[in-house]
Amino acid sequence: MSDDFFIPDPEGLIPSAEGYFGAFGGKFIPEALVAAVDEVAAEYEKAKTDPAFAAELNDLLVNYTGRPSALTEVPRFAEHAGGARVFLKREDLNHTGSHKINNVLGQALLTKRMGKTRVIAETGAGQHGVATATACALFGLECTIYMGEIDTQRQALNVARMRILGAEVIAVKSGSRTLKDAINEAFRDWVANVERTHYLFGTVAGPHPFPAMVRDFHRVIGVEARRQILERVGRLPDAVAACVGGGSNAIGLFHTFIPDEKVRLIGLEAAGHGVSSGEHAATLTAGEPGILHGSRSYVLQDDEGQITEPYSISAGLDYPGIGPEHAYLKDSGRAEYRPVTDDEAMQALRLLSVTEGIIPAIESAHALAGALDVGRELGPDGLLLVNLSGRGDKDMDTAARYFGLYDEGAGK
Amino acid sequence: MSANGKIGNIELLNKTLATARAENRAALIAYLPAGFPTVDGGIAAVKAALEGGADIVEVGLPHSDPVLDGPVIQTADDIALRGGVRIADVLRTVREAHAATGAPILVMTYWNPVDRYGAERFAAGVAEAGGAGCILPDLPVEESEVWRKAAEQHGLATVFVVAPSSKDERLAKITAAGSGFVYAASLMGVTGTRESVGAQASDLVRRTRAATADLPVCVGLGVSNAEQAAEVAAFADGVIVGSAFVKRMLDAPDEAAGLVGVRELAADLAKGVRSRS
Ligand SMILES: Cc1ncc(COP(=O)(O)O)c(C=O)c1O
């Protein structure tokens, strides 16, 4: 048993020095950002092996975030999953309510090390924005969060949380007015203010070093869960499952298990109204290799490289890109990715709520819906580990409307 | 050398910039997106800019996610894409503008459309249309080898962007890889008109010149009027103006008035680049 919660990839073989995971990754950025991105990479390389950095981050992860997060068996839910045993890794119990805080605290410490005084971030579901606003409050950093206008409406609770925490929240009105457009706007801000500003990117996409660095900050999810399930069950799971938006909670869970060849890695992406409807965010299922937001990966795009507008009921998964390491894991066959529709996710959200008393985020509900299928495929001897990446408080308005839970005349 | 098809007009671009230098003035380079407000309207706008006095035009390939552009060019790109602009339309814009004026025309585009279309196929298409080169502002020099090979083979310039944040070692690396000219961003930020052109610009031009023996250095971002053009012309080989042209089109009551506005602005700026202040 170790007390260390910051556990960067011990192999360190991937990505390459240029930030490539096989054919994916790299650094496709304007010249104006090269110096800043190189500075982040250099500072992270130093921090990674600096015991003082690890000690400070570990202290925060334990005493501020509340790590380790619990591993909860959910037998009543599992009855609907073919009787397989199902365990949830409870990232929803972290301070601020999702896995996002793991990465945010790491990058906030890095921001201080670089001597920058201002932080910007994008957010979809608002969980990365809330975590970032939280860390900025904690460290006394100026904070601006970009959020698509549609997301500010469907995740209004998190907008209020960010503002209470002292952050400025800017509703982005361009494009599809969702996560992709929030990232565009954050990049525009960064180019103009890079001298004193760190772009605290919220997932394992973006230019090198973000995919590897953000992964390292989330590896703790899988490292803890692997240890916990070995202690509790005495064996490794048959499969581990997580939802994928940009892919940070999923890579955090998957990464430690990559060498465990018998453990299947299953990512669940948002199929919206169904992949064949064209209204979805199933990037690995329906996308093609291309460049978006600084790296080469799978992208939802048309035949001439214009990015197509994604759709999902889940703001955190409503993104036409995916982290490059997931593209690599898909092409190498080590991980599999499946689509989950809005309806399947919402049914899973309700099922976990009524069977276990745990209300998941709609993002995480995609993983739960996928787990129901995987459990049925595995049968009663199966053992399944699912990442519960966040809690559902922020989604209560969407859920109440979806299920018709408001009394007549009540609600907004 | 391409086996089939025409050779691009890099030499015409070089000659145009050399002529401006010989005339002891800066070149005027206009940026206009293809397909805005329509494909034919966009072609007319490019011609208007050249007839008004621009020496060179950069034709923009509209993109769904123009991360390096401010609200003006974002709006124009949006209009063009909603109108259904395709790469074939961008190439037609290059072809017709060059055929009508004989001027060097470059394509300015984000990398993903080229990557998807195929670097070789894109270079061949631009050369065949009579284009002189490409500017790829989100393709860093480290990732540019495949493109540069294709461009060289098809007789096209590869214009790289440098920024005030570029360190001297990078300026050396970038100017060594580039051709045609170097695009020096006058400030840290996205496209759009500015009240004043930053003092960073002259410093960047000086540092870039120190890094390259012969590539002309042209300054863009923020320049919108003759006064600023004259100010920049005092220390740069070329002055690049984009958003101000697009704004003339956007603000005009109709396309015809917009074209008049583009022509007037080009004439004004052409005077500016000839009166180095
Ligand atoms: C609870 C939760 N899960 C998952 C995601 C998706 O992000 P990622 O794929 O990076 O984990 C988000 C993003 O907003 C989220 O809030």
Side-chain angles (χ1 to χ4, degrees), chain A residues 17-20 25-39 172-176 180-197 206-208 287-297 299-310 320-321, chain B residues 61-71 74-75 77-78 80-81 84-90 109-118 122 136-144 160-167 169-171 173-174 182-185 187-192 194 204 221:
Chain A
E18 296 77 31
Y20 274 93
K27 201 166 66 179
F28 293 84
I29 51 172
E31 175 59 23
L33 289 178
V34 167
V37 169
D38 285 355
E39 184 188 6
V172 176
K173 296 181 171 65
S174 56
S176 49
K180 160 178 86 76
D181 312 284
I183 295 175
N184 290 346
E185 213 51 44
F187 269 111
R188 291 182 186 119
D189 180 318
W190 204 23
V191 173
N193 301 295
V194 66
E195 191 119 339
R196 63 187 191 99
T197 302
H208 179 66
E288 306 265 0
I291 288 108
L292 175 65
H293 295 146
S295 51
R296 177 183 298 280
S297 186
V299 179
L300 293 177
Q301 58 181 329
D302 72 10
D303 64 329
E304 292 204 337
Q306 307 290 353
I307 310 306
T308 50
E309 294 193 356
Chain B
L61 194 160
H63 192 43
S64 54
D65 293 80
V67 170
L68 293 170
D69 287 300
Q74 284 178 47
T75 302
D77 276 13
D78 244 29
L81 289 169
V85 70
R86 302 273 296 171
I87 288 175
D89 300 314
V90 177
T109 174
Y110 291 90
W111 176 240
N112 195 51
V114 180
D115 185 77
R116 184 98 172 109
Y117 194 80
F122 192 80
L136 305 152
D138 64 344
L139 183 71
V141 63
E142 289 80 4
E143 299 279 0
S144 68
F160 283 104
V161 180
V162 296
S165 61
S166 302
K167 305 220 169 75
E169 314 89 77
R170 282 196 66 80
L171 293 179
K173 189 168 170 183
I174 292 167
V182 184
Y183 186 132
L187 47 81
M188 297 296 288
V190 295
T191 59
R194 304 289 200 284
L204 176 60
L221 287 198

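So you know, we letter chains A, B, ... as the sequences are listed, proteins then strands, and number each from 1.
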Residue part contacting chain A, namely of B:Arg86, when any heavy atom lies under 4.5 Å: both
Nearest heavy-atom approach of B:Met188 to A:Val191 is CB-O, 3.4 Å
Can you say whether A:Val194 sits under 4.5 Å from chain B via the side chain, the backbone, both, or neither, judging by heavy atoms? side chain
When the 4.5 angstrom heavy-atom criterion is applied to B:Pro140 and chain A, the contacting part is both
Looking at B:Glu142, I'd like to know if its CD atom is crowded, meaning that more than 12 non-hydrogen atoms belonging to other residues, nucleotides or ligands lie closer than 6.0 Å. yes
For B:Leu136, is it the side chain, the backbone, both, or neither that has a heavy atom closer than 4.5 Å to a heavy atom of chain A? neither
Give the member of B:Val161, B:Asp138, B:Asp69, B:Val141 that has the highest number of heavy-atom pairs under 4.5 Å with chain A. B:Asp138
Any idea which heavy atoms bring B:Asn112 and A:Ile291 closest together, and the distance? OD1-N, 2.7 Å
Give, as side chain, backbone, both or neither, the part of B:Asp78 having an atom under 4.5 angstrom from any heavy atom of chain A. neither
Counting heavy-atom pairs under 4.5 Å with chain A, which one of B:Ile87, B:Leu61, B:Thr75 comes out on top? B:Ile87
Under 3.5 Å donor-acceptor, B:Asp115 side chain and A:Gly290 backbone: no
Considering only heavy atoms, which portion of A:Asp303 lies under 4.5 Å from any heavy atom of chain B: side chain, backbone, both, or neither? both
Holding to side chain to side chain contact (heavy atoms under 4.5 Å, CB included), I want the full list of residues that pass it with B:Arg194, two or more places apart in sequence or in another chain. B:Leu187
Is B:Pro62 close to chain A through its backbone or its side chain, or both, or neither, when contacts mean heavy atoms under 4.5 Å? backbone
Does A:Ile29 offer a backbone N or O that forms a donor-acceptor pair with the side chain of B:Glu143 under 3.5 Å? no
Any residue of residues 32-39 of chain A which, by heavy atoms, sits under 4.5 Å from chain B: A:Ala32, A:Val34, A:Ala35
Can you list the residues that meet the side chain to side chain contact (heavy atoms under 4.5 Å, CB included) rule with A:Glu288, with sequence neighbours excluded? A:Gln301, B:Arg116
Considering only heavy atoms and a distance below 4.5 Å, find which of A:Asn193, A:Thr308, A:Asp302 pairs most often with chain B. A:Asp302
To the nearest 0.5 Å, atom OG of A:Ser176 lies from atom CG of B:Asp65 at 7.5 Å
Do A:Glu304 and B:Ser64 touch side chain to side chain, with heavy atoms closer than 4.5 Å? no
Looking at every non-hydrogen atom in both residues, tell me the closest pair between A:Glu31 and B:Ser166 and how far apart they are. OE2-OG, 2.8 Å
Can you list everything that forms a ring pair (Phe, Tyr, Trp, His ring centres under 6.0 Å) with A:His293? Sequence neighbours excluded, please. A:Tyr319
